Number of protein chains: 2
Amino acid sequence: MSYISTGVEYALHCLLFLIDQPDGATPPSTRDLAVLQGVSADYLAKLFTRLQQADLIVSREGAMGGVRLARAAADISVLDVVVAIDGDRAFFDCQEIRGRCALFGDAPPAWATRGTCSIHAVMIEAERKAKAALAAHSLADIAGRVAANAPVELGTMAAQWLSDRAARRKPGRPTRPLDKQE
Amino acid sequence: MSYISTGVEYALHCLLFLIDQPDGATPPSTRDLAVLQGVSADYLAKLFTRLQQADLIVSREGAMGGVRLARAAADISVLDVVVAIDGDRAFFDCQEIRGRCALFGDAPPAWATRGTCSIHAVMIEAERKAKAALAAHSLADIAGRVAANAPVELGTMAAQWLSDRAARRKPGRPTRPLDKQE
DNA sequence: GGAAATCTACTCGGATACCGCGTGTCCGAGTTATGGTGG
DNA sequence: CCACCATAACTCGGACACGCGGTATCCGAGTAGATTTCC
């Protein structure tokens with residue numbers, strides 16, 4: 001399976017649309033974002049709770065609630081999102097095979113299990129290189145590259161779509177008496 | 001799950017013991033290696049067929065057969081082993097979410113799906129960094145680092161163990177007539 | 001003494017079982033804004 | 001006019017179903033060396 005889950009992909013795509021949201025307006029809901037991206041709303045909601053626990057977003061509960069970036073897009077790295085969604089799962093989990101070597105019988109000598117396994121060390125180094133690459137890109141960076149390849153009206157189109165969708169929410173409309181319904 | 005399977009770990013540990021095997025002697029069998037490492041023999045055999053398909057080892061079939069490195073340990077990188085065992089599986093498989101965006105309706109415009117996804121590009125870069133790190137280490141490098149942390153007699157102990165084990169193989173001893181059994 | 005038969009120990013590859021985990025769904029609980037209702 | 005209530009739209013989090021793929025086991029087929037047997 002791939003190292004980076006599709007959950008991370010969903011989250012990143014959605015987070016890009018949270019950039020440049022006006023501060024006062026009602027924030028987009030996770031359902032709005034899910035429909036916008038064509039992904040499962042329930043699943044995305046679960047992903048966003050993890051983003052919230054990692055302090056990448058702040059959420060407002062209740063009607064007219066929603067979600068917004070916790071800090072500037074330039075201060076959220078791709079690695080932040082990966083760790084928030086997938087946890088800091090290991091690139092490679094060492095089974096400590098060196099201790100099981102038949103040369104040692106049942107009791108491996110101390111020098112055999114001291115320090116980190118030489119093979120493991122290589123994997124750790126590769127993992128660090130990969131994570132450094134992920135940490136080097138922020139949400140703002142990616143958004144800039146997306147904008148460079150898209151027509152200028154994309155930003156306003158997205159903002160319009162989200163605000164339309166927010167305006168369509170109608171909390172607290174009790175079911176009208178039947179005689180007054182149209 | 002982790003990106004690098006435990007199969008790679010098994011293979012690497014075993015390959016280290018194939019370094020410095022004398023050329024003329026009977027090569028170690030995969031079962032020998034499995035016992036030496038305390039690992040499932042059947043599973044390891046399956047792994048070694050993949051190493052053979054990747055031309056990292058050469059195998060000799062039949063009795064007194066076995067396995068040996070196909071080239072110098074300095075010319076086999078960790079990445080070679082990873083690719084041979086796990087295949088070149090993707091770090092991240094892009095679902096092309098950008099094409100599903102509700103802004104586009106059913107027909108995403110050409111500019112939206114042209115080139116590689118900006119998010120995917122970041123992942124590809126991280127993957128290349130990781131693979132470069134894996135490619136930078138050879139079997140010989142690792143063996144050198146293992147030897148540096150172990151007593152000097154480790155090498156001869158391992159060679160002794162393997163040649164003892166090879167000597168114990170007794171192909172072609174037919175079951176003796178009952179009257180001659182002890 | 002040499003050829004054939006026999007037996008053992010390999011590699012190779014397919015079939016299959018097990019199981020953890022990523023993906024996705026469903027639902028109840030708690031929270032909050034809105035609109036209607038009654039005093 | 002104001003307090004209250006019902007309702008809708010959220011977030012949060014647990015429970016659970018499903019399927020894929022890594023790990024592991026088993027077994028038959030083919031191959032090759034060693035030993036015995038037989039001519």
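Quick note on labels: first sequence line is chain A, next is B, and so on, each numbered from 1. Since this is a predicted model, take the numbers as computed values, not measurements.
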Side-chain N,O (Ser29(B)) to OP1/OP2 (dA9(C)) below 4.0 Å: no
Nearest-Å distance for atom pair NZ/P, residues Lys170(B) and dT8(C): 14 Å
dG22(C) OP1/OP2 closer than 4.0 Å to side-chain N/O of Tyr43(A): no
Side-chain N or O of Tyr10(B) closer than 4.0 Å to phosphate OP1/OP2 of dT23(D): no
Ser40(A) side chain near dT25(C) phosphate (N/O to OP1/OP2, under 4.0 Å): yes
Thr6(B) side-chain N/O to dT23(D) phosphate OP1/OP2 under 4.0 Å: yes
Closest-nucleotide ordering on DNA chain D, the 5'-leading residue of Pro171(A) and Pro171(B): Pro171(A)
Side chain Arg100(B), main chain Gly38(A), donor-acceptor under 3.5 Å: yes
Any Ser59(A) side-chain nitrogen or oxygen under 4.0 Å from OP1 or OP2 of dC12(D): yes
Asp42(A), nearest nucleotide to its side chain (from dC26(C), dA32(D), dG30(C)): dC26(C)
dC10(D) OP1/OP2 closer than 4.0 Å to side-chain N/O of Arg169(A): yes
Whether over 12 other heavy atoms sit under 6.0 Å from Asp75(A) CG: yes
OP1 or OP2 of dT23(D) under 4.0 Å from side-chain N/O of Ser5(B): yes
Heteroatom pairs (N/O) under 3.5 angstrom, protein to nucleotides 15-21 of chain C:
none

Atom pair distance, as rounded to whole Å: CZ in Arg68(A) and P in dC10(D): 15 Å
5′-ward residue of the pair Met64(A)/Ser2(A) relative to DNA chain C: Ser2(A)
Atom-to-atom span, CG of Leu162(B) to C1' of dC10(C) - whole angstrom: 16 Å
Under-4.0 Å side-chain N/O to phosphate OP1/OP2 contact, Gln53(A) with dG13(D): yes
Interatomic distance where CZ belongs to Arg50(A) and P belongs to dG24(C) [whole Å]: 12 Å
Asp93(A) (side chain) donor-acceptor with Ser2(B) (main chain) under 3.5 angstrom: no
Backbone of Ala41(B) reached by a side-chain donor or acceptor of Arg31(B) within 3.5 Å: no
Backbone N/O of Gln95(A) and side chain of Glu9(B): donor-acceptor pair under 3.5 Å: yes
Rounded distance in Å - CZ (Phe92(A)) to P (dT23(D)): 10 Å
Trace of the salt bridge (Lys or Arg N to Asp or Glu O under 4.0 Å) decision for Glu96(B) with Arg98(B): CA-CA 5 Å; Glu96(B) 287 296 334; Arg98(B) 52 183 182 166; 2.8 Å; yes
Salt-bridge contact Arg168(A)-Asp32(A) (side-chain N to carboxylate O under 4.0 Å): no
